[in-house]
Every structure is written in C-alpha cells, then in structure tokens.
Undergrad: 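Shown below is the structure under consideration.
Throughout, protein chains are lettered first and strands after them, A, B, ... in sequence-line order, and every chain is numbered starting at 1. Model, not experiment: these values are computed from the prediction.
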Amino acid sequence: MMVQTLEKGTAKQMVASSIVYDTQKLNLWYGNHHALKNIDLQIKENEVTAIIGPSGCGKSTYIKTLNRMVELVPTVKTSGAILYRERNIFDANYGVEELRTKVGMVFQKPNPFPKSIYDNIAYGPRIHGIKNKKVLDEIVEKSLRGAAIWEEVKDRLTTNAYSLSGGQQQRICIARCLAIEPDVILMDEPTSALDPISTLKVEELIQELKQDYSIIIVTHNMQQAARISDKTAFFLNGEVVEFDKTDVIFSTPEDNRTEDYISGRFG
Amino acid sequence: MMVQTLEKGTAKQMVASSIVYDTQKLNLWYGNHHALKNIDLQIKENEVTAIIGPSGCGKSTYIKTLNRMVELVPTVKTSGAILYRERNIFDANYGVEELRTKVGMVFQKPNPFPKSIYDNIAYGPRIHGIKNKKVLDEIVEKSLRGAAIWEEVKDRLTTNAYSLSGGQQQRICIARCLAIEPDVILMDEPTSALDPISTLKVEELIQELKQDYSIIIVTHNMQQAARISDKTAFFLNGEVVEFDKTDVIFSTPEDNRTEDYISGRFG
Amino acid sequence: ACGDDSTADEVENETGTEEAAATGDTQDEATLEGQVSGDGSSTVAPIMEALVEEYAAVQEKVKVTVGVSGTGGGFEKFIAGTTDFSNASRPIKDEEKAELEAAGIDYTEFKLANDGLTVVVSKDNDWVEDVTVEDLKKMWIEDGTTKKWSDINAEWPDEEIIFYSPGTDSGTYDYFDEVILDEADLVKAATLSEDDNVLVQGVQADKNAIGFFGYAYYLANQDTLKAVKIEGVEPNNETIESGEYSPLSRPLFTYVSNKALAENAALYDFMEYSLENAGDMAEAVGYVRLPDTEYEKGLSTLEALK
Amino acid sequence: MRYVNHEAVVKKMNKRLIVNGIFKAIFLAATLFALLVLGVLFYRIISQGVGYLTPEFFQNFGSRVPEKAGIKAALVGSIWLMCVVAPVSIILGVGTAIYLEEYATKNKLNNFIRMNISNLAGVPSVVFGLLGLTIFVRALALGNSVLAAGFTMSLLILPVIIVGSQEAIRAVPQDVREASYGMGATKWQTIINIVLPSAIPGIITGAILALSRAVGETAPLVVIGIPVIVHFLPDNLLSQFTALPMQIYDWAKRPQEAFQYVSSAGILVLMIFLLLMNSVAIFIRNKFQKRY
Amino acid sequence: MGQKHSADKLSVQELIQNSSGKKQRKIIEKMIPIILLLIASVSVLTTFGIVGTLIVETVIFFKEVKIPDFLFGTEWYPFANTEQLFGILPLIVGTLKVTAIAVVVAVPFGIASAIFLSEYATDKSRRIIKPVLEVLAGVPTIVYGFFALTFVTPLLQQFIPDLKIFNALSPGIVVGVMILPMIASLSEDAMSSVPNSIREGALAMGSTKLEVALKVVLPAALSGITASVVLAVSRAIGETMIVSLAGGSTPKFDLNITESIQTMTAYIVQVSSGDAGYGTTIYYSIYAVGFTLFLFTLLMNYLAHVISKKYREEY
Ligand SMILES: Nc1ncnc2c1ncn2[C@@H]1O[C@H](COP(=O)(O)OP(=O)(O)OP(=O)(O)O)[C@@H](O)[C@H]1O
Ligand SMILES: Nc1ncnc2c1ncn2[C@@H]1O[C@H](COP(=O)(O)OP(=O)(O)OP(=O)(O)O)[C@@H](O)[C@H]1O
Ligand SMILES: [Mg+2]
Ligand SMILES: [Mg+2]
Ligand SMILES: O=P([O-])([O-])[O-]
C-alpha cells in the first residue's frame, strides 16, 4: 500500500496523481435547505474512505453528489467544484453517464434489477455497447467472483435475482457494479439492511476490493467504519467536522464533537 | 382509597365486590399463534393497573380482549373466561356492545371521529339514545372538563377535532370515552404518540380519573407505569410473569425476568 | 310470414344454381374484384340487402356496401360523390338534380320494384279497418291539438293516438307528406325514425298506435300488424301493381353514377345482377315486381352505359 | 351526577342490534341485486342466443333471414378494429405516460396536459363519435374505414390507458432506476431496459381492459356511420367494415322475433370475446406479479 | 497484482470507450423527450379537436337558429317542413329523466353495496363480489340496451300496463344498473380509506356496526361518495346506446316517464344513423346538442374534481 505511506502535505504534484476526488468548497441546497456547507475533502486512490455522522447530516447527499445522482432531485443546486481525476464533474460538457461509468455505486437497500442474475451483471456492459456473448460471459463470471458470490450462484445464473437472500442480493449489486470495472465505488450504508452474517461477508469483500478500487462508504455503524476504513470523515449538519486517518479519528479526535459522537453521546 | 388498603387473600366474598375483571385461564390464538397463555389476573375497582412488557408480549392483545375488540381479527380463538362484574364476557348471550358501553377504550394513536369536537363527545350518548340537546350539552361540558380540555376548546366546539394538536386529540378521545360514563377505561399506550408535554397532561389526567374509574393502561414506558399505576402486571411472551403492587414490582420483584426487564437488560 | 319464407327459399335455390353456372362457365366473371358503395332509402334497403347477400355468393371479391340513410340522406352522399349509387323511394327532386349537375355527376335512374306505402295499426287494435284520405289528414296534420281516436270517428275509443312515422330524410315521409298531407306539417307528437324496424316495434306494442311505412315491412310483420284499408282498398300485390291501391303505391328507384358505371366493372356487374334479380328479390322481401319489360328496358339502358 | 343510564342502554341494546341485523340484510340484498341482474342478463342472453351459436353463425355474413344470419363480417371487423386501436392507443398512451412520469417537470404545460387527460376521460363516447366523424371521416377523408373508426376508438380509450400506464410506471421503485443511472445508463436506456419491463404487466393489463371497452363501444361507430350490410371482409385499413356492436345493434332493432335470438347470439360472441381478453389480462397480472 | 488488475480494468473500460453508438445514444437521448412530448400532446389535441369541431359547427348552427330559441325553446321539432323548432329543453329534460331514474336506482343500491363491502363483508365474500361488480361495469352498453328493450320493458309492462314500448323508465333503470358498480366501487374505496382506528374508536363505545357505518364512516367518506355519485351522473348523462334502443325518439317537455322520450345522446344517434347530409340545419344541430352534452359532462367532472379535492378528508 504505497499510497498510504505518503504523508500529508507532500508536494502537490506527487499527491495529485493519487487523488481521485478533490472536493472544493462544495455547497448544496435542496430548494432552500442548505444540506452541504463548504465541503473540502480529498479522497485518495485505493483507500477505503468512511463517512460517518448522525442522521440527516448530509452523508448520503455528499456521496450522491460524487456521481451526480443527487441531481435526480429537481430542486438541487450546487456551488463549488468536485474534481474527479482533475476534471470538474460539474463542467457543462462533462457527461454524467461518462462519470457514472467510472464511478460505481452500491445502495443501502439491495436493488438488483428484476431480471436474471446474469442479466443483472451484464446490464452495465450491455448498455455501454458490449454485445459479444463470450465477452459478456467472461465479465459476468469475473464480476461475480470479484463479489465473492460466484460459487453460490454459478448454477442458477438465469434465475431472477430477487430469489436470492438480502445479503446475496447486495453482493449481486456489488458484482453488477464491478462489471463495468469502475475506478471508484461509492457505497451508501451497504450493510444496513443486512443481517449480521451477510454484513460480515460484505465487509470482507470490501476489504478485498480496496486493492483494486477506491472505495467511499457511508455508514452509521461506527465499529464498521473502524474495522474497514483507512480514512474517516465525520459529518455534522452538512459540514465536515474532521477528516483523518481512521485510527486517529477513533483514538484521538481533534474536535470535541467528533469525540462526543464517537463515544455515543449523541446521534 | 379504601380498596387499596385491602390485603391480598382477604375472604373471597369481600374481594368479589371490588373486583372488576377476573381473568381465568385465558388463552388466545391468532390462527396458530398462541398469543396469550393461561392468563390469571384480577383487576380491582378504582385502581390504575399498568401492563408492561417487551414488544409483542401480548399487552395489546390482552387489553383488547377485555372489551372483546380483539375479535375484530377474524382468526382469533379464545379459551378460559373473563368475568366482568362476575359475568363471563365470552357468554353467548353477553352482547359485545353492552360490554363496550361499560368499558371505554383509549387507543395508542388519537383517533377522534372526523367530526366537530362537540359531535365527537356527543357521539356515544347519542347512539345510546340520549337526544335531549340540553342533556347533551351538559354531558359534553362535563366530559371535556373531566378530560381537562374544556378550557382549551370551549370556544370552538364546532370545529373539526382534527384541527387540534395530537395531545389535545388524545384528550378529546378520553373525553369521548368519559361521555358514556364507563365503569372501566382501557388505555393502550395512550401517550406513545404524544410529545412530552402532552404526555404529562394525560398522565395527570389519568391520576385524576382513577378516583371515579377503574383504569387499565398498557405502556412501554416503565417510568410512566411507576409514576401512575397502583398495580403492575409484567407480561412476557404471552404470559403474566408477575403481578403485584407497582412499588413492589419496581423495587423488589420476585421474578428474575421482571428484574431484568425493569433494569433495561432486554426489551 | 310463412308464405313469405317459402319464397325466400325459392330464391335461394335459384341463385344457388345460378352461382354454380356462373362459376362453371364464365371464369372472368367469377374473378371480378372491386368496391361498390351505395346508400339511400330504407324502403329499398330490404331489396338491396337481399341483392347484396346473394351477389356476395356469386362475386366473392366484390365488396358491396349499402348504407341505409334514407332517400334524402342517400342523395346527400351521392351528391358529395362518396357513393356510386343511391336508392330512392321517390323520384329525384329538382333541387337534388341541380346539385348533382353542379357537382358534375351524371346519373341514370333505374326502377327496381313497386311499393305500397302501408298504413298500419297493431293487431290489438280492433276498431280501425278502413280509413279515408281525409281521415288520414285529420290524424296526421299538426294543428296544435292532442289527437284522439274519437276525434276522427266518434265510435272509436277516447284514447290518444300514438304516431309513428319514418324520418324526414326518408322518401317514404316525403311521399306521404306530399300525397296525403299536401306538404303540411306532420303531427309533432309522432315518433320519427329512419329505422323502419323501430316503427314496427312501436306500433305492434301499442294498440293506440298508428304508423306507416313500406309494404315490405308490413308483410314481414303481418302477424303483429294490421294493414288499414285506404278508401276500401287493401294493399296487396294486385292492387299495388294495378295502381288500384291509391294514392299510396309508388315505384322504388336506384340512381347510378354514369361515370362510375363506365369506370368500375364491379359496379356495372352488380347493377346488371340487380336488374336481373330485382323482381325476384322484391317479391321475396315483400314488394311487388315490375313487369318484365321494365327490367329489360333497364338492362338495355345499362348496357349502353358500359 | 349520572346522565347515562346504563340499565336503559342495555335494554335498548337488543333493539339496536335487531336494526343492525335488518340493515345488514338490506345491504346484502342490495349487493346481491347487482349479482342478480348480472345473473338474469347472462341467463337470458345464453338461453336465447346459444341455439344460434352454430359453426355457420361464424361462417356467414349478415342476412335478412335470421337462420342464415352470421357474424363473420362483424367478428373479423372487430378484430381488424383492434389491430388499429391496440397499437395506436398503446403507443400514444404509454408514450404519454412515460412523458408525464419520467420527463415532465411541474410546469404549466404539463399540468395542463394532466388536467386535460382527466377531463378527456369524462367525455361521453358519442362526442368522440362526433370528433371522429368530423376529423377522420370527413376532414381527413378516411371514410367509414377501419382506420377512421380505429383512430376514433383509440382516442376514446387513450385516457384510460394513460392513467393505467402511469400507475404501472409509478409502481416501479425508484431504487432500481437509481441503480441503473448509477451504472452510467442514460435516462432512455433506463426507461427501456428497467422501467418498462417492470411496468409492462401493469400496462398490458390496463390496456387490455381499455381495449375491451373499445370492443364493446357502439355509439361512436354509429355516429361515424359504420355500415351493417357488409358481405365481405376488410382487406386493408381503408376498407369499409362492420363491427360486433354495430351488428348487434342492427339485429336488436329488427322487429322479427327471431332476430332477438340472433342478437343474443351476437352478444354472446361479444361477451366471449371480452371474456377472453380479460382472461389474458388476469393471466398476465398473475403471471408477472411484481417481484420486488 | 495491482498491475495485472489495472490491465484487466482497462479491458472493459476500453471496450466501453471503443464501443460504437455513443453519438447515436446522445442523439436518441435528445430526441426522445421531444417525441414523447409530441405523443403526449395528442391528448391535448384531442381535446382541442373536440372543442374545436363542436364550436365551429355549433357556430354555424347558431347562424340559423337563435341562441335564446335554442336554450329556452320548449319544442324540439327539427324534422318539420314548415318551421323547424330547435328548443333543446325537451332533450335536456329527456336526459334528466333518465339520469334521475338512474340515480334513484344506483345511489341507494350502490351505496348500500359499498357499505356492505367495506363494513360487513368478510374478505372472502369481498373477493367474490368485487370482480362480479367489475364484470357488471364491463358489460357493453349495447348489451344493456338490448336487455332494457327486450327484458326490462316487457317486465315492467306487466306491472304498468300504460308503459309504452319506448319510455324513460326502463332505460333509466338499466342505466342505473350500469352506473351502480361505479358508485359502489368508488364509494367503497372512499369508505375503506377511512382508517380502521376510527372504526375501532366507535366500536369500542358500544356502537353497532350499523351505527359505525352510518354515523362515523359514511360522514367521514362523504366527499368521496359524493364525488363518485357526481361522476356516475356524468356517465348517465353521456350514456347513449341504452337510451337509443329503449328510450325512443320523441323529445317531450314534460315529466312523464312512461312514454317515449329522447335524450341528447339519442338524438345524435338518431340523426347520425339517418345521416342528415352535410350542410342541413339538422346536421349542425347534432353538434349544438353534442356541445351542450359536452358542457354538461364537463361541469359534472369538474364538480367531482372540486368535491374530492376541496373537501378532502382530514384524517
Ligand atoms: N430529496 C430531498 N429533498 C429535500 N431535502 C432532502 C432531500 N434528501 C435529503 N434532504 C435533506 O438533506 C439533509 C441531508 O440528508 P441526507 O439524506 O444526506 O442525510 P444522511 O446523513 O444520509 O442521513 P441518514 O443517515 O438518515 O441517511 C437532511 O436534512 C434531509 O432532510
Ligand atoms: N392481527 C394479528 N394477527 C396475527 N398475529 C397478531 C395479530 N396482532 C398481534 N399478533 C401477534 O400477537 C403477539 C402479541 O401482539 P400484541 O400486539 O398484543 O403485542 P404488544 O405486547 O402489544 O406489543 P407492542 O408493544 O409492540 O404493541 C405478537 O407476536 C403479534 O405478532
Ligand atoms: Mg443517508
Ligand atoms: Mg401493543
Ligand atoms: O328510407 P326511405 O325509403 O323512406 O327514404
């Protein structure tokens, strides 16, 4: 993990190459409601970045801004910039589809398509124009293996994804995301709808995935953040209160509010 | 409070007169689900009896059995007996409507009728044959006073009850119940949908009401049970684990499970 | 209706053999294709319906549609150029001629059959047998009063007369209006319908009702309707053909576009078939056939237009 | 002081319960009235019509002789009519529904479209007939053709299909849409690949119910002047034709009693036609029950 | 390992980059909303078409007939030779007679069925009865018309010997049967949406089911029920085939229900099947009548909309 050994404040050029997302003075409003306030956050390659904070603090809003899904809400307005690989995603000529092919997303509730397992995984490649059956077969297998669910489903690829358990469904969603080999994977409380055993499997999976992908994960489960992430951002009321290495945040936070939150005093 | 000074195990004849509800070996099934198991419970006049227990233990089921509202669920089967004033309410010729005119009920969510405040209160007397406008006026005033809400609504008796706040609505429901001058009032978590201030008002009201009525109240709030009740029954898994004076239950319970529950170890 | 049925059967047999003959020897006739459309009189409609039905068995690929909009309604469409021929239960009016001329449509008139316009009452009506033209006028001309049977004849019941009449678009109406009412207004209380079946149903169900329509409809419903004699003369084949049943007997026509005849072989074929069979069909559906010479005259006129 | 005399209440209780019982019986009877009417209606139609329901009935064209009258032209005509109405109304209806549910923002134009659809749903069918007569038959000179009647009927059932499709589309959960967008799919790809496949059972069910209304509608056909003396089958969309309800209407008006039976037989064919369509709808509804 | 993976990564993303049809997709994406908007505008055009044709032809009609004569005339006598009379009141009265009879049949039966279904019926009987009501609602009106003419009228004649073969009573009753399912099912929806907690509140005071139904649920669902009745009335006003077959064609300005009448819809059908040719006053009159009919139903639908929106239940 060469990247992690880099120290804070290293010369800008060097850092730039390993920075995936650079959020600069991001503000976001839902109509009049100011949901994100002056966010500055740099997310690095091949790390797991956890976002924690009490309900309503803007975690989901932030992560959905990273792939511009938040714009599905018609009243949304933003200011500031998010540089993804050094290009501002709010640029008029930056296509959201292009962005989203590079940035995968996994949601809170498993949301496979009401299609067969195979078609779920092949969906992404297909819409992006890959039609070759052999290539698709390979992608499907590779993605399912990558999501650690190949063995469980390989004999029933044609059954409907909804016939699987919740935990399996969530791994299908992760596999679906892997199928277009994204650069970054965003996860919004990916285990909150799962039972403890499935949660464990997904957590293990995330640990493996970070070797190849940059992962940003929202979680309300502090133990989870502590277990799996390299960096942690603590959000409160739409602001980033503290952002640092996870062990720092959980052992010696700088801000009182962080400490209060982590010790369960509110939220 | 003469009744309360009576000791346990006094001669049967004496007790009988002051016993409102005598539940004997009551069992209840929802289809195959055995929801109440061999309940034996004696509820006395002019006391507040609280029923506590973890979610799903059968509290609501029991209280709804006391006025046979539980029979609205078509799959319900019962065995055993509930003597109300020495008559078995399950007797074939005991009309539920008759029972329910003597046993009022207040529900978890305020459920006033979508009518004016006046008509809400007058509803009961009217269906029971009271038509005289003057008598109705008096009943309405008395009941609203009884529910400690007269002052708040006396100038707008013709407005719709839904224009009131939740706490006011709940007191309207209590007033509605008082209007038919019941013998017993059943309350199923009457404050769980209310804010703290409204809760306080309703609790005070219950304290006053017990001078004239026998009250059975289901609550998930142990402090509330401790504050307002004379006796407490602890339900677990459809059984009565312990039934005793409230101070005994909260200070020196006999059963470990009661203690565990009260000290917050589960539920 | 029984006798009537047997005639229908006869016709059916005849055409059956004809059909065999047609398919047997003249190939070109059998393979004719095309569309023919007509509209017009509801009085003529039963003949047309029968002709179309039988013709469909001979020339399966020719599509003949015949609307039933009444004589006037039919002429409207004919003038608008949407139909090839138009059936009429009265001769074409001068206005209609003028409009056709203005539209540049040349046409030829063919007689198809004779019809006795029949005044009918319900079988349950046991008082009316015979009326005079004067009586009819008294009944049918609007004069602002409510008409009772007793107003016409003191012996008749003191009941309101219920009137059923063909609609104003129909030639039957025009004809009745002209020869009986002298173009005065028909009673407003009358139920008017372009659909003679509606009239039959109305009259048969009410013993105080009176109505009038084509002889064929009467024949088809003899069991529930009673024809009223006019000045002592009963409508039947003889009295109608001879003209003795007067003033209510009249010829039925069809008007065909000359241009369409020349251009549309299917139309020509259908018209030829119609003139050849109109007599039989007319009888089959309850009208009175013309003398054979009339049909031959018609056919030779047609030939000339090919 | 007591106002409520519980003794008296108990005494009156019996009477109130009896009244309740009587009214329950009345309500039940009222409900059964509808069933009774349906029963009588079916009984009469079946008992009158079944005798005429011979193979020849399906092979013959209309006839002036009741025994020879058949429903071929009308049945085939109705099928032709459906071949126009189904694609036209479904394309227009589903297209509109997609627009309103997926694309339309809350502006005046779109609100106007929404309001307009709900109003259109209440316009009597005979008025649609006037529209068809003026626009399709006359102005566009389509005549009494399958196409003219088909367009008229399509517009008539359009609001029903739109509303049904909107409901079906709305029932597709937002989160699968988001999943698709999250993969970089465009809006249209998401609609075509995710939304529509999920909504289609609902759309089809609604559409079939709407189409079965179009099969039975008579008034617009009468107004646009569909003929009944038709002894051929349509062979293209501009052919003249007749349809089941027109044929039934014609028979029902005929005075000879036998035609009432023919009419009943026609009604039976129409009802069987509708029954088949509805069975398909129910089959689809049950088969593709939502999975999420 | 990292290297190998990144090589793999390139493969799919590269395939995506190289895949054809990107431009095409962009164009489609731009075109689709426009196409869909065009499709959606068909329904608007339909309304314009309806209103437009009705108005244009009605205006021509009013060149020949004075508006007050049309609106207030009590005689509808378009087929006269000498003086045609176009007073629409008789047609409106005919329509209202049928509608009133239909309402008298459908409202009590419909609401009673709704009460039974929502307050008394078990789940099982509801599952049987509701589809039957749906079937009743799906019966084509031509079938109802036939039923009115051949069954209901003769049946009524047994009791009312004076009843004419065409009358207002029989089609009125049958139109009532036709709109009954609509009232029943919409009212049932309105009543079922009254929360159970309110019902329980009333039952817990010793109410009988009847009292709950009539004194609590019915008033609470009143706006929904009223809206359903108004919609049903609108349907009855626009109903065509039943009245054409069984109502007759004699417009009369009176209140008799045993004799032949004519409704607005039946007049349109009468003239259309007679096909008064282009250009005659009679031809234009069907548009004037159609326009009147359209206004009537529009008003009803608007009323239903207002009722269900404005007096929305509070619970
Ligand atoms: N579509 C929306 N329209 C308006 N306001 C919204 C919308 N979505 C979220 N908000 C508001 O924005 C704020 C942040 O919401 P967000 O969903 O990002 O919170 P969160 O941190 O993800 O909370 P949770 O842990 O509950 O998921 C909240 O106050 C919320 O009410
Ligand atoms: N209508 C019903 N049909 C079947 N089972 C039911 C029904 N209502 C309740 N139950 C079951 O009966 C048991 C007791 O339910 P009850 O509502 O009495 O619990 P409770 O103690 O009131 O819980 P809570 O505190 O959540 O209100 C539960 O297991 C519940 O699932
Ligand atoms: Mg969130
Ligand atoms: Mg409970
Ligand atoms: O339809 P008519 O024969 O009366 O014109």
Undergrad: Are D:N20 and E:E211 close enough that some pair of their side-chain heavy atoms sits under 4.5 Å apart?
TA: no

Undergrad: So if I take each residue of residues 151-160 of chain D and look for any heavy atom under 4.5 Å from a heavy atom in chain E, which residues do I end up with?
TA: D:L155, D:L158

Undergrad: Is there a donor-acceptor contact under 3.5 Å linking the side chains of E:E29 and D:T186?
TA: yes

Undergrad: For D:L109, is it the side chain, the backbone, both, or neither that has a heavy atom closer than 4.5 Å to a heavy atom of chain E?
TA: side chain

Undergrad: Could you look at D:L38 and say if it's the side chain, the backbone, both or neither that has a heavy atom under 4.5 Å from chain E?
TA: both

Undergrad: Tell me, for D:M271 versus chain E, whether the close heavy atoms (under 4.5 Å) come from the side chain, the backbone, both or neither.
TA: side chain

Undergrad: Name the region of D:R44, side chain, backbone, both or neither, that has any atom closer than 4.5 Å to a heavy atom of chain E.
TA: side chain

Undergrad: Is the closest side-chain heavy-atom distance between E:L54 and D:V127 below 4.5 Å?
TA: yes

Undergrad: Pick one of side chain, backbone, both or neither for E:T240, based on which atoms fall under 4.5 Å of a heavy atom in chain D.
TA: side chain

Undergrad: Pick from E:V289, E:I268, E:L180: which one has the most heavy-atom pairs with chain D under 4.5 Å?
TA: E:I268

Undergrad: Does any backbone or side-chain atom of E:S244 lie under 4.5 Å from a heavy atom of chain D? Answer side chain, backbone, both or neither.
TA: side chain

Undergrad: Output the option from D:I98, D:I135, D:I162, D:V40 having the highest count of non-hydrogen pairs under 4.5 Å with chain E.
TA: D:V40

Undergrad: Taking salt bridge (Lys or Arg N to Asp or Glu O under 4.0 Å) as the definition, give me every residue that meets it alongside D:R114, ordered by chain and number, with sequence neighbours left out.
TA: none

Undergrad: Side chain to side chain contact (heavy atoms under 4.5 Å, CB included), that's the test. Do E:V135 and D:F42 meet it? Break it down for me.
TA: CA-CA 11 Å; E:V135 173; D:F42 278 138; 4.2 Å; yes

Undergrad: Give, as side chain, backbone, both or neither, the part of D:E102 having an atom under 4.5 angstrom from any heavy atom of chain E.
TA: neither

Undergrad: Looking at every heavy atom in both D:K24 and E:F116, which two are closest together, and how far apart are they?
TA: O-CD1, 4.3 Å

Undergrad: Can you list everything that forms a salt bridge (Lys or Arg N to Asp or Glu O under 4.0 Å) with E:R25? Sequence neighbours excluded, please.
TA: none

Undergrad: Atom CG in D:L133, atom OH in E:Y283: separation rounded to 0.5 Å?
TA: 5.0 Å

Undergrad: Using non-hydrogen atoms only, which part of D:S118 is less than 4.5 Å away from chain E: side chain, backbone, both, or neither?
TA: neither

Undergrad: Specify which of E:G238, E:A112, E:G49 makes the most heavy-atom pairs with chain D at under 4.5 Å.
TA: E:A112

Undergrad: Using atom types as modelled, flag every donor-acceptor pair under 3.5 Å from a side chain in residues 243-253 of chain D to any protein atom, sequence neighbours excluded.
TA:
unit_1	atom_1	unit_2	atom_2	d
D:D250	OD2	D:R254	NE	3.2
D:D250	OD2	D:R254	NH2	3.1
D:K253	NZ	C:D195	OD2	2.6

Undergrad: Flag the one option from D:F33, D:Y99, D:F112 with the top tally of heavy-atom pairs under 4.5 Å to chain E.
TA: D:Y99

Undergrad: Please classify the contact between D:V19 and chain E as side chain, backbone, both or neither, with a heavy-atom cut-off of under 4.5 Å.
TA: both

Undergrad: Tell me, out of D:L209, D:V222, D:V215, who's got the most heavy-atom pairs with chain E below 4.5 Å.
TA: D:V222

Undergrad: Against chain E, label D:L274 side chain, backbone, both or neither, depending on which of its atoms sit under 4.5 Å from a heavy atom there.
TA: side chain

Undergrad: Measuring heavy-atom distances to chain E, does D:I45 have an atom under 4.5 Å in its side chain, in its backbone, in both, or in neither?
TA: side chain

Undergrad: Which atoms of D:L270 are under 4.5 Å from chain E, going by heavy atoms: the side chain, the backbone, both sets, or neither?
TA: side chain

Undergrad: Could you look at D:L92 and say if it's the side chain, the backbone, both or neither that has a heavy atom under 4.5 Å from chain E?
TA: both

